[in-house]
Amino acid sequence: MDKFVIEGGHKLAGRVKISGAKNGSLAIMPATILAPGAYHLTNTPNLRDVWTMSRLLGSMGSFCELNGNDLFIDSTNLSSFEAPYEHVKKMRASFYVLGPLLARWGQAKVSLPGGCAWGPRPVDLHLKGLERLGAKVDVEKGYIMAKAKQLHGAKFHFDISSVGATGNVMMAAVLAKGTSLLTNAAIEPEITALARMLVKMGAKINGIGTTMLEIEGVHELHPVDEETIPDRIEAATYMIAVAMTGGKIELQNVNPYHLTAVVAKLEEVGCTIDVNNNNIVVEMDKDPIPSDMTTSVYPGMPTDVQAQWMALMLRAKGDSRITDNVYRDRFKHVPELQRLGAKIELTDNSAIIRGGKQLSGATVMSSDLRASASLVLAALVAEGTTELLRVYHIDRGYDSIEEKLVSLGANIKRVKTDLI
Ligand code: EPZ
């Protein structure tokens, strides 16, 4: 097991190259199931979750190899339609193979993903959408068994905007017989990028980037090479880091259009931000101003930035409220932030942050990916030394985070430990 040892109090300065998006890779890797052949997915982040998805596809017969940020997948010999519990339990995004397996084989057996660190993660919309396309779906011993002799086009409305369900249903619909109309589809950049890749593979999709997707099923698709979009959540995390420590950093290899809400909120709290084609410069020379924040689906403030925003509000002199409307129980980071001296009160899906109190270093525990990021940010400004345990959580979604932070002037070390 590794831990981070972080000494607070250092301003950040310099340049940081943002990696490809974890949730971008996890959306397009399952698409390689739809058409046998060789794919070259560039700008792939070197992350635990990418390794997990690669192992899952490998267990089904595909060849997967990550060289640096070049991911080579060959699904020619893909022969299984089963995603076993041993893989799915490690990462719920493994569930994203359900739709493509059903489309390729006419059947799929995928373990139910279960919950995650902060609570239940239902998949009812995934299943309802696939049933509308003609699949027979049963649950047996913790597995989803889906069968369809021939998927057919259908209209389906997502009661809740769901990234994963949109991906699964869209990847099934592209090989269905007939036309589908998906309404209230997710428009997160990772889903839009998936749709664009499917079109490159030969799919017929209209309305890409909107909540209404019209999909005309085709008989077959072909493999392609694709570049993974930049990670907007990683970028937001570094932008918030400098907003907390003070200083000036330039983020390279970002898509500013994916960060409009984050840029607006950081300007509101006092950051100076320059946006160019594929880089963003963030400068902060004072304490942030308290600012309430409510998460929502794209293009609103992402729930994946909620924990990091909370760390920022601890620096603001005054009270602020954070409400998470996407995951109402995503507050596992609160008790650990309180160990650093944070004053936070939770009521339902909101947190009141009593900001402005100097945090002091302590030993804290990671519980999930974004909670870990929030603890790293808080440690950057805490007095003294903080030890963050179970950093494997952060390795799931941040490529080389300690190297990047050290290059920006932070004092953070990765240390082996027997403590778990
Ligand atoms: C994706 O998860 C992301 N993961 C999550 O990022 C992100 O927090 C989430 O989208 C929301 O943006 C990946 O892309 C791998 P959803 P996903 O289906 O697809 C409810 C991270 O930190 N819902 O959009 O699982 C659900 O409970 C991770 O990188 C249903 O009710 O999220 C939630 O309230 C964490 N029924 C809301 O929809 C369903 O069938 C949005 O969930 C599906 C979802």
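Each ligand, and each atom within it, is numbered from 1 in the order the structure gives.
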Close N or O approach (Val326, ligand 1; < 3.5 Å): yes
Hey, is ligand 1 close enough to Asp124 that some N/O pair sits below 3.5 Å? yes
For a quick test of reading the model, state the closest non-hydrogen atom pair linking His152 to Gly134 and the distance between them. NE2-CA, 3.4 Å
Whether His126 lies under 4.0 Å from ligand 1, heavy atom: yes
If you measure every N or O of Leu125 against every N or O of ligand 1, does any of those distances drop under 3.5 Å? yes
Would you say the side chains of Thr183 and His157 form a donor-acceptor pair under 3.5 Å? yes
Value for OG (Ser374) from CH2 (Trp309), rounded to nearest 0.5 Å, stands at 13.5 Å
Who's closest to atom 15 (C) of ligand 1 heavy-atom-wise, of Asp159, Asn23, Val123? Asn23
Just by distance, no angles: are the side chains of Thr76 and Asp74 close enough, under 3.5 Å, to form a donor-acceptor pair? yes
With the side chain counted from C-beta on, respond yes when Met91 and Arg48 share a heavy-atom pair under 4.5 Å apart, and no when they do not. no
Contact atoms of ligand 1, heavy-atom distance to Tyr96 under 4.0 Å: 1 (C), 2 (O), 4 (N), 13 (C), 14 (O), 15 (C), 17 (P), 19 (O)
Using heavy-atom distances only, which candidate in Thr295, Ile191, Asp304, Leu26 approaches atom 28 (C) of ligand 1 most closely? Asp304
Numbering as shown, the atoms of ligand 1 that approach Gly164 to under 4.0 Å (heavy-atom distance): 18 (O), 19 (O)
Asn67 side chain to Glu65 side chain, donor-acceptor N/O pair below 3.5 angstrom: yes
Among Val5, Ile6, Asn411, which one satisfies side chain to side chain contact (heavy atoms under 4.5 Å, CB included) with Thr385? Val5
Location of contacts on Tyr298 toward ligand 1, heavy atoms closer than 4.0 Å: neither
Is a side-chain donor-acceptor pair under 3.5 Å present for Asn325 with Asn349? yes
Please determine if Ala93 has a nitrogen or oxygen closer than 3.5 Å to a nitrogen or oxygen of ligand 1. no
Using a strict cut-off of 4.0 Å, indicate which atoms of ligand 1 neighbour a heavy atom of Arg330. 8 (O), 22 (O), 35 (C)
Is the closest N or O pair between Arg92 and ligand 1 shorter than 3.5 Å? yes
Taking only non-hydrogen atoms of Pro122 and a 4.0 Å limit, the atoms of ligand 1 in range are 27 (O), 30 (C), 31 (O), 36 (N), 39 (C), 40 (O), 43 (C), 44 (C)
Just jot down the ligand 1 atoms closer than 4.0 angstrom to any heavy atom of Lys22, in number order. 21 (C), 29 (O)
Among Leu221, Leu78, Leu175, Val97, which residue meets the side chain to side chain contact (heavy atoms under 4.5 Å, CB included) test with Arg104? Leu78
Min N/O separation Ile160 to ligand 1 under 3.5 Å: no
Drop me the distance from Ile191's CD1 to Met170's CE, to the nearest 0.5 angstrom. 5.0 Å
Within a distance under 4.0 Å of any heavy atom of Thr303, pick out the atoms of ligand 1 and give their elements. 8 (O), 11 (C)
Can you name the one residue among Leu266, Leu377, Ile353, Val305 that meets side chain to side chain contact (heavy atoms under 4.5 Å, CB included) with Leu312? Leu266
Can you list the atoms of ligand 1 that are under 4.0 Å from a heavy atom of Arg370? 21 (C), 22 (O), 29 (O)
